[in-house]
Amino acid sequence: MKVVIIGGVAGGASAAARLRRLDENAQIILLERSEYISYANCGLPYYIGGEITDPDMLTLQSPQSFWSRFRIDTRIFNEAVGIDPQNRRVTVRNLQTGETYEEAYDKLILSPGAKPIVPPIEGIDQKGVFTLRTIPDTERIQQYAVSENIRSAVIVGGGYIGVEMAENLRRLGLEVTIAELSDHVIAPLDFDMACDVHNYLLKQGIRLRLSSGVTAIQSCKGRLTVSLQDGELCTDMVILSVGVRPESELAKEAGIACSERGSILTDETMRTSDENIYAVGDAVEIKNLVTGKPGFIPLAGPANRQGRIAADNICGIRHTYKDTQGSAVLKIFEMTVATTGINETEAKKAGLDYDKVYTYSPSHATYYPGATNMSVKTIFERKTGRILGAQLVGFDGVDKRCDVLATAIRAGMTADDLADLELCYAPPYSSAKDPVNMIGFVIQNVLGGLVKQFFWDDIAKLPRDGSVTLLDTRTKMEYQSSHIDGFINIPLDELRERLDELDPSKPVYECCHSGLRSYVASRILSGSGFDCYNLSGGYRLYASIAEAQENLTGETYPCGLKRPF
């Protein structure tokens, strides 16, 4: 059997190695148009920032090591320029010699990946404007930064790579601005969860220009003027990070079925519309595990699994790809952001009957030094309690909890299952009630009718005419430090003795710092005949959103925070 693989990074390299492990006699040819195979493009920002100092550490395999270990014929600087499915032949151009030749195949695997989106912006081809996707891109950016004595940079796009680049350039001492068309960075987060990230980035000295797209880039006296929808920025370098699109032109020209977006269509075995051609990685369309709808989620983990699955099926081992849920994690200085499943925006778009809870839990036992809180937003199915998605922002322990939640989503687990999980506990690592258990407990309370919720974006709509009671159950000192306009203060530990200050005929909307003390207040009041609603996520979440609004726009959030003079 002869297998030709087009593309030698994550999916292609994984498929090649798996093929050899399954068939010692197969002829395997790996075509890669660049100089590098099996490299870690997720690590490129950290090489630019100096966290990774040896460029060889980014290349997991070389053509020589691939031959030595797997006897795979790896041809770098060889670009596939055409596919003849009927005669099962690939036309290849040697980019060093210009020679064109044909290579026959029994099976073909397409792993062309994705390419950066370059928006139609005036001046986009100016000197000093870069994209970051490959090792050569990294080298060009580094060389330019050194030769031009770069002092500032504008990152166009606030996705994973954009934020990672912002951090690493800031570590080098540059003035860095992220310009993002959306109202928040990191698209898998909802706006409310991104506000913690906004505030943290600002404290690290990174400037944010949100809800403002780039309209033009112009050269001006050796620098670049970046025109935004709401003003201009002057900088030394621009890095485009506005996303990627599937590189599927070769497949389209060969008549292989693709989606409207351009992603290559495959079945669950990674076979395309041609029975002898498979496709893997960023170029293929996936099905969202939670919604069941088609999508495009370019991540290294799915690409590697797809490569393995394609190789298995070529060798007669039936394995199927079981959809993508988009689990991802991001380091921002000392902060960690992690997501899995769908966010609230996607749940609304899919028309799901969902609800949400916000929790704020310590990374480990609070009596053991160094505990920090993590903010978690969990989306769940209202009828069943099935977990649909989670977003986590914090420091220690965020990645571990997101992995547990990712496993729960993959297994179709519910809030009851989260509450029952027996997770590792010792004071340096967790609490007896792990943050994941706490999510389960809170959802159980909501579904069981023990608590009714309201949310941060409901606060501005609550009447201030005396028809409802707005109650802050934090301590007097916390309240005096700052509070939400219109909320009166009765500390939780004084509530039972002061019930006569409240009118039982009026609904009560309570808040505390995180939602825990106000939940206890809800149970006290409900047991005394009051109709109660608890602010999910508490004052802390609302204050984070209000702070981000004020820092970024200079405007006070509706029903803003009241601080002492």
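Quick caveat, the model's predicted, so the values are computed rather than measured. What you see below is based on every heavy atom in this structure, not just the backbone, and it leaves out hydrogens, waters and symmetry mates.
- Checking Ser65 against Ser62 by side-chain atom types alone, a donor-acceptor pair falls below 3.5 Å.
- Between the CG atom in Asp73 and the CD1 atom in Ile29 there is a gap of 5.0 Å [rounded to 0.5 Å].
- If you check the side chains of Arg133 and Thr138, you find no donor sitting under 3.5 Å from an acceptor.
- Counting only residues at least two apart or on different chains, no side chain to side chain donor-acceptor pair (under 3.5 Å) pair has a member in residues 287-302.
- Salt-bridge annotation for Arg318 and Asp312: absent, with no side-chain N of the basic residue lying under 4.0 Å from a carboxylate O of the acidic one.
- The ring pair (Phe, Tyr, Trp, His ring centres under 6.0 Å) check on Tyr144 picks up Phe130, with sequence neighbours excluded.
- For Asp125, the side chain to side chain contact (heavy atoms under 4.5 Å, CB included) criterion is met by no residue, not counting sequence neighbours.
- Remark: Thr225 OG1 to Gln126 CD distance equals 9.5 Å, nearest 0.5 Å.
- Here Glu268 does not pair with Lys322 in a salt bridge; the nearest charged N to carboxylate O distance is not below 4.0 Å.
- Between Gln204 and Arg170, the side chains place no donor N or O within less than 3.5 Å of an acceptor N or O (distance only, hydrogens not considered).
- Salt bridge Glu167/Lys331: present, at least one basic N to carboxylate O contact under 4.0 Å.
- In terms of the side chain to side chain contact (heavy atoms under 4.5 Å, CB included) criterion, residue partners of Arg21 (sequence neighbours excluded) are, by chain and number, Ala17, Arg18, Phe70, Arg308.
- Residues passing the side chain to side chain contact (heavy atoms under 4.5 Å, CB included) test with Thr407, sequence neighbours excluded: none.
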Give the table of side-chain donor-acceptor pairs shorter than 3.5 Å for residues 255-264, with sequence neighbours excluded, one pair per line with atom names and distance.
residue, atom, partner, partner atom, Å
Ser259, OG, Arg261, N, 3.3
Ser259, OG, Gly262, N, 3.3
Ser259, OG, Ser263, N, 3.1

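- Residues satisfying the side chain to side chain contact (heavy atoms under 4.5 Å, CB included) test with Thr336, not counting sequence neighbours, are Val329, Val398.
- In this structure a side-chain-to-backbone donor-acceptor pair under 3.5 Å is missing from Arg271 to Ile277.
- Side chains of Asn304 and Ser14: a donor-acceptor N/O pair is present below 3.5 angstrom, by distance only.
- For Lys400 and Asp403, the salt-bridge test fails: no basic side-chain N is under 4.0 Å from an acidic carboxylate O.
- With rounding to the nearest 0.5 Å, the separation of CG in Asn168 from CD1 in Ile155 is 10.0 Å.
- At a cut-off of 3.5 Å, with distance as the only test, no side-chain donor of Thr339 or Gln391 sits close to an acceptor on the other residue.
- Taking Glu285 as the reference, nothing meets the side chain to side chain donor-acceptor pair (under 3.5 Å) condition, with sequence neighbours excluded.
- Aromatic rings from Phe395 and Phe333 are positioned such that their centres are separated by 6.0 Å or more.
- Shown here are the salt bridge (Lys or Arg N to Asp or Glu O under 4.0 Å) partners of Asp267, two or more places apart in sequence or in another chain: there are none.
- With no hydrogens or angles considered, a side-chain donor-acceptor pair links Ser152 and Thr235 at under 3.5 Å.
- If you take CG on Leu228 and CZ on Arg209, they are separated by 5.0 Å, rounding to the nearest 0.5 Å.
- Among residues two or more places apart in sequence or in another chain, the salt bridge (Lys or Arg N to Asp or Glu O under 4.0 Å) test is passed with Asp236 by Arg223.
- Counting only N and O atoms by type, the side chains of Tyr429 and Asp434 include no donor and acceptor under 3.5 Å apart.
- Note: Met270 CE to Ile109 CD1 = 10.0 Å, rounded to the nearest 0.5 Å.
- Considering only residues two or more places apart in sequence or on other chains, Lys349 meets the salt bridge (Lys or Arg N to Asp or Glu O under 4.0 Å) condition with none of them.
- When only modelled atom types and interatomic distance are considered, Thr91 and Asp84 share no side-chain donor-acceptor pair under 3.5 Å.
- Residues Glu344 and Tyr354 have side chains that bring a donor and an acceptor to within less than 3.5 angstrom of each other.
- Residues satisfying the salt bridge (Lys or Arg N to Asp or Glu O under 4.0 Å) test with Lys107, not counting sequence neighbours, are none.
- Within the model, atoms CG of Leu405 and OG1 of Thr378 stand 6.0 Å from one another, a figure rounded to the nearest 0.5 Å.
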Could you walk me through whether Thr177 and Glu175 pass the side-chain contact (heavy atoms from CB on, under 4.5 Å) check?
-> CA-CA 7 Å; Thr177 302; Glu175 293 182 0; over 6 Å; no
